[in-house]
Enquirer: 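What follows is a structure written as structure tokens; I'll ask about it next.
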Number of protein chains: 2
Amino acid sequence: MKMNEGVEWAVHSCVNLCFIPGEAVTAKRLAAFYELPTAYLNKQLQALTRAGILSSTSGPKGGFQLAKAPDKITLLDVVVAIDGSEDAFRCTQILKAGPGADEKADYRKTCVVSMSMRKAELTYRRELAAKTIADLVEQVESTYPETAENTRGWFANLKS
Amino acid sequence: MKMNEGVEWAVHSCVNLCFIPGEAVTAKRLAAFYELPTAYLNKQLQALTRAGILSSTSGPKGGFQLAKAPDKITLLDVVVAIDGSEDAFRCTQILKAGPGADEKADYRKTCVVSMSMRKAELTYRRELAAKTIADLVEQVESTYPETAENTRGWFANLKS
DNA sequence: GGTGCGGTACTCGGATAGAGTGTGTCCGAGTAGTTGAGG
DNA sequence: CCTCAACTACTCGGACACACTCTATCCGAGTACCGCACC
């Protein structure tokens, strides 16, 4: 059960975008910040764009920026955008192949195994949904006060 | 983020083994119950054995049986045995490549992104750890009272 | 000098290879029961 | 008739192919800016 590696990049990039509001930042610069492969990060940002989390602009002066307020973007949104919305536990309804099975039953809802696994995942998703990008930014700013300014400065210098 | 498919088989098999206590059941019979590929289910049962959840016996009259009391086997135990104990979210500490990074810092513990993801996973694992195989068996017996006897009967008939 | 048009440089976007892991299968290692010969 | 040993049949256990998804990359589609010709 491994999550897509791009989720980490995506979340960090969203946080960084919060430090540079009202400006389109290219995938190239976002990638340079963490020394990531540009093309691959671009792919993740595309996924975020498709999900409506970012908005993208082509051409010179183009790039990505947040499409929504940071407090409206949850960690779950980002995870789903990159990693898909499917549950980790896939109930294949093996009970249907068992003896005495009800062909019409939806065992994803009645099987106690499936229910337990789903319940656990639900708490997981709920936890992720409770955390927004704005929360993360706030946490960073209170714990590492210089980070915001440093990041802004770094991106400003790279511009030249 | 997809979990190993074998987890579903493993949990169901553990539950079935609870219905047939004190007897070694072969992978072949367990597989036949749900029409699963025998060799592959065997592989999962091996993993459960390595984890100390099942005990195995070779030769005729051999097979698998629970190595512990059902109320000492949690869903988390089974998931870890089959799917591994690694966290789904892998913090690669990309902050280390960023500007102003502390080379000695362990960002798995200080990075707010990593912390949030880990916290969510922790609630997930806690939920799984709170549910035992015995709980599932009890749930089945109270919801579908005839299942236990039917299962026992099915395995008894197959023996011939 | 002002205006409009074409070229250029730069960006995102999707289509395309390569690597790693999950999925499925096969044959060898080990053991209990059976059967046969010998005492 | 009893004992023992070899054989057989059956099981687990790990090694071996196959397929799919994640990882990584490249080239084409689209756009703002710049420069030049024309009015």
Side-chain angles (χ1 to χ4, degrees), chain A residues 1-10 13 17 23-32 34-65 67 79 81-86 88-90 92 94 158-160, chain B residues 1-10 13 17 23-32 34-65 67 79 81-86 88-90 92 94 158-160:
Chain A
M1 191 176 65
K2 285 189 302 187
M3 176 174 290
N4 217 310
E5 194 180 357
V7 171
E8 184 184 13
W9 306 359
S13 294
L17 283 174
E23 183 182 342
V25 184
T26 68
K28 196 174 173 185
R29 285 163 69 200
L30 282 170
Y34 293 122
E35 299 175 7
L36 301 174
T38 303
Y40 192 30
L41 176 63
N42 188 33
K43 193 185 180 72
Q44 317 297 347
L45 299 176
Q46 280 176 41
L48 294 179
T49 304
R50 273 194 294 272
I53 295 171
L54 301 184
S55 67
S56 64
T57 320
S58 280
K61 290 285 179 185
F64 296 91
Q65 51 189 321
V79 168
I82 304 290
D83 209 53
S85 59
E86 280 180 16
F89 179 82
R90 297 163 284 171
T92 59
I94 63 176
L158 194 72
K159 207 183 300 180
S160 58
Chain B
M1 190 174 65
K2 284 189 302 185
M3 176 174 289
N4 217 310
E5 193 179 358
V7 170
E8 184 184 13
W9 306 358
S13 294
L17 282 174
E23 181 182 345
V25 183
T26 67
K28 197 174 173 186
R29 285 163 70 202
L30 282 170
Y34 293 123
E35 298 176 7
L36 301 173
T38 303
Y40 192 29
L41 176 63
N42 189 34
K43 194 185 180 74
Q44 318 296 347
L45 298 175
Q46 280 176 43
L48 294 179
T49 304
R50 273 194 294 271
I53 296 171
L54 301 184
S55 68
S56 64
T57 321
S58 280
K61 290 284 179 186
F64 296 92
Q65 52 189 321
V79 168
I82 304 290
D83 209 54
S85 59
E86 280 181 16
F89 179 83
R90 296 163 284 171
T92 59
I94 64 175
L158 195 71
K159 206 183 299 180
S160 58

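To find a chain, count down the sequence lines: A is the first, B the second, and so on, and within it residues start at 1. Because the structure is predicted, anything quoted here is derived from the model rather than measured.
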Enquirer: Can you tell which of C:dT21, C:dT23, C:dG13 lies closest to the side chain of A:Arg90?
Expert: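 Closest nucleotide to the A:Arg90 side chain: C:dT23.
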Enquirer: Can you measure A:Lys2 atom NZ to C:dG22 atom C1' for me and round it to whole angstrom units?
Expert: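 Taking NZ of A:Lys2 and C1' of C:dG22, I get 10 Å after rounding.
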Enquirer: What is the distance, to the nearest angstrom, from the CG atom on B:Asp83 to the P atom on C:dT21?
Expert: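 Spelled out: CG on B:Asp83 to P on C:dT21 is 13 Å.
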Enquirer: Atom CD of A:Gln46 and atom C1' of D:dT23: how far apart are they, to the nearest Å?
Expert: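 My rounded result for the distance is 15 Å.
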Enquirer: Side chain to side chain contact (heavy atoms under 4.5 Å, CB included) with A:Lys43: which residues, sequence neighbours excluded?
Expert: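 Scan of A:Lys43 (side chain to side chain contact (heavy atoms under 4.5 Å, CB included), adjacent residues dropped) gives A:Tyr40.
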Enquirer: Listed by chain and number, what are the side chain to side chain contact (heavy atoms under 4.5 Å, CB included) partners of B:Ala88, not counting sequence neighbours?
Expert: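 For B:Ala88, the residues satisfying side chain to side chain contact (heavy atoms under 4.5 Å, CB included) (neighbours in sequence not counted) are A:Met1, A:Met3, B:Met1, B:Glu121.
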Enquirer: Between A:Asn4 and A:Ile82, what is the shortest heavy-atom contact and its length?
Expert: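 Closest approach of A:Asn4 to A:Ile82: ND2-O, 3.9 Å.
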Enquirer: Tell me which donor-acceptor pairs under 3.5 Å the side chains of residues 47-59 of chain A have, and how far apart each pair is, sequence neighbours excluded?
Expert:
| from | atom 1 | to | atom 2 | distance (Å) |
| --- | --- | --- | --- | --- |
| A:Thr49 | OG1 | A:Leu45 | O | 2.8 |

Enquirer: May I have the step-by-step check of side chain to side chain contact (heavy atoms under 4.5 Å, CB included) for A:Phe89 and B:Asp83, ending in yes or no?
Expert: CA-CA 11 Å; A:Phe89 179 82; B:Asp83 209 54; over 6 Å; no
Enquirer: Decide whether B:Glu5 and A:Thr92 meet the rule of one side-chain donor and one side-chain acceptor closer than 3.5 Å.
Expert: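 On atom types as modelled, these side chains do not qualify, holding no pair under 3.5 Å.
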Enquirer: Which of these nucleotides, C:dG22, C:dG13, D:dC12, is closest to any side-chain atom of B:Asn4?
Expert: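 Minimum distance to the B:Asn4 side chain belongs to C:dG22.
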Enquirer: Could you state the CD-P distance from A:Glu5 to C:dT21, rounded to the nearest angstrom?
Expert: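 From A:Glu5 CD to C:dT21 P: 12 Å.
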Enquirer: Is the phosphate of D:dC12 approached by B:Arg50 (side-chain N or O, under 4.0 Å from OP1 or OP2)?
Expert: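 Answer is no, no contact under 4.0 Å.
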Enquirer: For DNA chain C, whose closest nucleotide is more 5', that of B:Gln44 or that of A:Thr49?
Expert: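 That would be A:Thr49.
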Enquirer: At under 4.0 Å between heavy atoms, what does B:Ala27 touch on the DNA or RNA strands: base, sugar-phosphate, or nothing?
Expert: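 Result for B:Ala27 = sugar-phosphate.
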Enquirer: Can you tell me how far CD of A:Gln44 sits from CG of A:Leu30, rounded to the nearest 0.5 angstrom?
Expert: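 CD of A:Gln44 is found 12.5 Å from CG of A:Leu30.
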Enquirer: Taking N or O atoms only and anything under 3.5 Å, show me the protein contacts with nucleotides 25-33 of chain D, one pair per line.
Expert:
| from | atom 1 | to | atom 2 | distance (Å) |
| --- | --- | --- | --- | --- |
| D:dG30 | N2 | A:Gly59 | N | 3.2 |

Enquirer: What's the CZ-P distance between B:Phe89 and D:dC22, to the nearest Å?
Expert: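 Rounded to whole Å, this separation is 16 Å.
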Enquirer: Using atom CD of B:Gln65 as one end and atom C1' of D:dT11 as the other, report the distance to the nearest whole Å.
Expert: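 Spelled out: CD on B:Gln65 to C1' on D:dT11 is 14 Å.
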Enquirer: OP1 or OP2 of D:dT11 sitting under 4.0 Å from any side-chain N/O of B:Arg29?
Expert: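 No.
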